[in-house]
Amino acid sequence: MTKKLAALSLVAGMLAITAPYATAEVVLPDAVMIDDGEVAKSLTGSAGNPENGRKVFANRKQGNCLACHMNKDLSEQPFHGEVGPTLDGVADRWEEPELRAILINSKIALSEDTIMPSFYRLKNGARTMDKFDGKTILSAEQVEDVLAYLKTLKEE
Ligand code: HEC
C-alpha cells in the first residue's frame with residue numbers, strides 16, 4: 001500500500017468509528033430559514049419526543065402554551081388561557097413543517113402582530129422577558145419535542 005492509500009484508509013477507518021456517535025448539527029436560531037411558512041427539516045436532525053414535549057408545553061417556565069391555549073389532553077392542568085385557539089385537532093389543521101415554523105417564529109408563520117411568542121428566535125419581541133434577551137425561549141430539542149406532542153393532537 002502506498003503512503004497515500006494508507007493515510008486514506010486510516011481516515012476512512014476513523015470516520016467509520018466516529019460516525020455512529022456523531023450527533024447531527026443543531027440548526028442555530030439565526031440559520032433557520034422559513035420558506036413559505038414552512039421549516040421542513042428537524043432543528044436537531046431527528047424527531048422529537050412527544051412525552052417530553054407535553055411537559056415542556058405545560059411547564060410555565062418553558063413553553064407555557066397553556067397560558068394562552070386550551071387543550072383537552074391537558075385539561076387537568078390549571079391556568080388555561082383562551083387568548084389563542086384551542087389546540088385540539090391542531091395536527092389535522094397544519095402539516096409538520098408549518099407547525100415547526102409557527103413554533104420557531106410565530107411572527108413570520110402566523111402574523112406580524114400575533115401575541116404568541118417566537119420560541120426559537122433571538123429577538124423575541126417587546127412582550128418577552130429580558131432574561132430571554134439573546135437566548136431562545138426553547139432549545140432546538142424542546143421545539144422538536146413540543147412539535148412531536150402537537151402532532152399527537154388529532155380529533156378522533
Ligand atoms: C401569549 C399567548 C400565547 C402563547 C404563550 C402561545 N400561543 Fe400559540 N397562539 C396564540 C394566538 C393568539 C394564536 C392565534 C394566532 C393569532 O391570532 O395571533 C396562536 C396560534 C397558535 C397555533 C396555530 C393554531 C391554529 O389552529 O391555527 C399553534 C399551533 C400554536 N399557537 C401553538 C402554541 C404552542 C405549542 C405554544 C407553546 C410552546 C404556544 N402556542 C404559546 C397565543 C399564544
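Just follow the structure's listing: the first ligand is 1, and inside any ligand the first atom is 1.
- Legend: residues meeting side chain to side chain contact (heavy atoms under 4.5 Å, CB included) with S75, ordered by chain and number and at least two apart, are absent.
- Close approach of ligand 1 to V83 is summarised as follows: ligand atoms under 4.0 Å from at least one heavy atom of the residue are 12 (C).
- Ligand 1 has no N or O atom lying under 3.5 Å from any N or O atom of T86, backbone or side chain.
- Interface atoms of ligand 1 facing V146, defined by a heavy-atom separation under 4.0 Å, are 35 (C).
- Expressed to the nearest 0.5 Å, how far CG of L150 lies from CG of L103 amounts to 5.5 Å.
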#### Entry: Trace of the salt bridge (Lys or Arg N to Asp or Glu O under 4.0 Å) decision for K55 with E51
CA-CA 7 Å; K55 289 186 200 137; E51 274 149 54; over 6 Å; no
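- Between the CD atom in E155 and the CZ atom in R93 there is a gap of 7.0 Å [rounded to 0.5 Å].
- For ligand 1, the atoms lying closer than 4.0 Å to a non-hydrogen atom of N64 are 5 (C).
- With a heavy-atom cut-off of 4.0 Å, D113 does not touch ligand 1 at all.
- The protein atom (non-hydrogen) at minimum distance from atom 23 (C) of ligand 1 is W94 NE1, 3.8 Å.
- Listed by atom number, the atoms of ligand 1 under 4.0 Å from L99 heavy atoms are 29 (C).
- The shortest non-hydrogen separation linking F119 to Q62 is CE2-O, 4.4 Å.
- Distances from atom 26 (O) of ligand 1 to the protein include at least one heavy-atom value under 4.0 Å.
- We find the OG-CD1 distance between S118 and I102 to be 11.0 Å, quoted to the nearest 0.5 Å.
- Under 4.0 Å from ligand 1, not a single heavy atom of S111 appears.
- Across all their heavy atoms, K154 and A91 have their closest contact at CG-CB, 3.8 Å.
- Atoms CD and OG1, from E25 and T44 in turn, are 12.0 Å apart once rounded to the nearest 0.5 Å.
- How far CG of L66 is from CG of L87: 9.0 Å, rounded to the nearest 0.5 Å.
- Of the inter-residue distances, the one linking M70 atom CE with D88 atom CG reads 8.0 Å to the nearest 0.5 angstrom.
- E76 approaches D73 most closely through the heavy-atom pair OE1-O, 3.4 Å.
- Excluding waters, the protein N/O/S atoms found under 2.8 Å from atom 8 (Fe) of ligand 1 are H69 NE2, M116 SD.
- Per-residue contacts place L103 under 4.0 angstrom from the following atoms of ligand 1 (heavy atoms of the residue considered): 34 (C), 35 (C).
- Distances from ligand 1 to the non-hydrogen atoms of A67 include no value under 4.0 Å.
- At a 4.0 Å heavy-atom cut-off, ligand 1 does not touch V56 at all.
- Closest approach of Y120 and L28 over heavy atoms only: OH-CA, 3.8 Å.
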